[in-house]
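Let me begin by presenting the structure, written as structure tokens, before commenting on it.
Small disclaimer: the values here were computed from a predicted structure and weren't measured. Lettering follows sequence order; numbering is per chain, from 1.
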Amino acid sequence: MSRAKTRHGGLVAWGFAAPALLVYLGFLVYPALNSLWFSFTDWDGLSAGYNVVGLDNYTTMVDDPVVAQAAVNNLIWAVVTVVAPVLLGLALAVVLNGKVRGKPVLRLIFYTPAVLPLVSVASIWGWLYNPQYGAINAFLRAIGLDGLAQPWLGQDSTALGATMVAAIWLRVGFPMLLYLAALQSISADLYEAATVDGASRWQQFWHITMPGLRPAHYVVIALSVIESFKVFDLIYAMTYGGPGTATQVMGTWMYFNVFQYNQAGYGTAIAVVITVVAIAVSIPYVRSQTKEHAV
Amino acid sequence: MNDSALSRRRFLTLTGGATLAAGLAACTGTGGDSAGAPAGGSGNGSKDLRLFTYEDNTTIGLLKEQVKQFDAQNGANTTVDSLPGSGAAVYPDKLRTELLGGKGPDVWRIWGGQIGAPFVKAKQAMDLSPYYQKYGWDSKINQAAVAGMTFDGVKGGMPFVALGIGAWYNKATWSKAGVTTPPKSYAELEEVNAKLVAAGITPLGTGGKYGWHVMRLFEYLLEVSAGPELHDKLLAGAESWDRPEVVTAFTNFKKWQDQKWMPEGAIGLDPADVELWYVQGKSAYTITGPWTEAAAIQSAEKKSADYGVFQLPTGHEPARHSGFVEGYMINARAGNPDLAAALLDFLNQPATVKALKVTASVVTGAEPDQATLPLSYEWSQGPGKQPFYTIQDQAFPKKEADQYFAIQSDVLQGKAGPADAARKMQDVVKAWKR
């Protein structure tokens, strides 16, 4: 191919990419860099003026007990709401991939929570957890386990766990769907051959299913981890970060500072930290995807 | 903005990390040129206005109807937008986002005190002093209410309502517990609570999600133990919170939880749900304002006669209750502030106020209608005439209010004792005043 042709091809490619690039620059890069800038200021989020305070917002974070609490909550949230939905989603996918009656209906039932608006999910679980009139405590009392009935969202010791249960319920459908799709791509011949060779169901799962799901694992786990670090809405709607600050996570604490405490500079500094962590976590996923496409 | 060597423009020029940017955008909400030049309102001299409020379904129709009349009289075209049911915890955020996004309303409704203050401090709301003069608002409007919309000497808002908080109760639940008359002292209130619990009824319907609803109980208990003068000084940070009167208030607060005088796990309950319990008979009473008659009792198609209201007894003179002011502000960048001010003046005319079924107007001649809102009328003619102390989520800035709510939460969960709580509260107030 001649040099002129190559150059022409390059220009055409840039031409096609330009609209998306402009949107990306205008709606992602520019606002993001603006946010980064505000993290070095004491902007209150409303006034026209502000002062540049260097790294003060970042050093303040070190002494902020709520940041420490939020970081720990984020970590717990990340582990629990990634591991549990992924394992449950995998289990459901494997079961639903087999010979089960009413398979389409079951798939729909398990995936439905994932499409519900988060505010509805928060309301549903808020009612279920109501200490006096909620279905959970009513059930526990009905089966004689009165001692286990708790004010689930009204005490520090159970509030975060209670919101995580709602999150697991909400998120289990997504990995299930991805795993189901991936399971369809594993050849049935492999299972037939393994059966002829006398492999047990467990051996088939471990040596055929799991390796076959490897690309899906990357996607499911990476996206779940990123999602978990960005958690905001469910916590905000279910507990508002409370009781006290017991269920604050970095996302909600950022929000409170930016939008409620008139500390937009400090809040955006928290956002920068969340972003850096999310990017660090997503690197393996991005690399794996890049490698895959390069092959 | 100071003359820093590194300006925002220079910074933006120097930085170009697209990868980092993508992630940042996903996690942050601020941006654009909002800090530099917030915009909003209609164009210069425009007859178009936008009014932003938090009226719910029971009153938004009435407001729109009145605004339509104003438009007809003034050749204006006013759009009314509402964010109902969000409360002071959410509505100001939405307003702030609109203002920063350049689509701010010309006129907005807002609470007074520390909730409205940031909008005036940030010069997003205009100084209404010229319009106070033009329309004679100082002489027409209750002065205590004007004070609630004056921020560091700037008349940043026009008060619209001055609402008092009292105990609204369900007569059937009281009868079931053998209670015939409202309590006259705090000791009698405790006796009423005990009788209600004995009859299997939760006395006070309150929920601590967001903090402010349970706060209504604590501030009452503080008024009881500290009395009016000390209470006011505590709210202003002029006296230390680390004192016996505050410890007593926290001790009583915990007692209400331990004696089951408030719902189990109250701290995690949504006030929007729990406040209605007294209408449904699930609790005996709640602590709220006169709006509850139209918004809760009558909208549930219940009769006002089956409910009652009384001022929570403090044992002090003057007998005060919690109260707050709500009003309207005008966008500092409104294209036609004169028209916006005319709208405000129209909204505070007694005839308009009556048509809006406002139960706690700040202008005379606009008392609630006795026939349609008998309880609100009763309140306005009795306790409503008494002075009030500033409701605590307006007395403190939001950050300090949240810290205070966290302390309340710790007390109710037994994680902090009353004396600890008083000390922690003093730390919060001290840091705020520093």
| request: Determine whether more than 12 heavy atoms belonging to other residues, nucleotides or ligands lie under 6.0 Å from atom CG of A:Asp146. | output: yes

What part of [X] gets within 4.5 angstrom of chain A, counting heavy atoms only: side chain, backbone, both, or neither?
X        : value
B:Gln413 : side chain
B:Pro397 : neither
B:Lys123 : neither
B:Lys415 : side chain
B:Asp270 : neither

From [X] [atom1] over to [Y] [atom2], what is the distance, rounded to the nearest 0.5 angstrom?
X        : Y        : atom1 : atom2 : answer
A:Gln260 : B:Ile115 : CD    : CD1   : 10.0 Å
B:Lys399 : A:Gln263 : NZ    : CD    : 4.0 Å
B:Leu95  : A:Phe259 : CG    : CZ    : 12.5 Å

If I compare all heavy atoms of [X] with all of [Y], which pair ends up nearest, and what's the gap?
X        : Y        : result
A:Leu46  : B:Leu99  : CD2-CD1, 4.4 Å
B:Arg96  : A:Asp44  : NH1-O, 4.2 Å
A:Arg141 : B:Glu264 : NH2-OE1, 3.4 Å
B:Leu100 : A:Gly45  : CD1-O, 2.8 Å

Is any side-chain heavy atom of [X] closer than 4.5 Å to a side-chain heavy atom of [Y]?
X        : Y        : answer
B:Asp410 : A:Asp156 : yes
A:Pro131 : B:Leu269 : yes
B:Phe405 : A:Tyr240 : no

| task | Count the heavy-atom pairs under 4.5 Å between each of B:Ala406, B:Gly208, B:Ser409 and chain A, then report the option with the highest count. | result | B:Ser409

| remark: In terms of heavy-atom pairs under 4.5 Å with chain A, the winner among B:Ile267, B:Leu412, B:Thr97 is B:Ile267

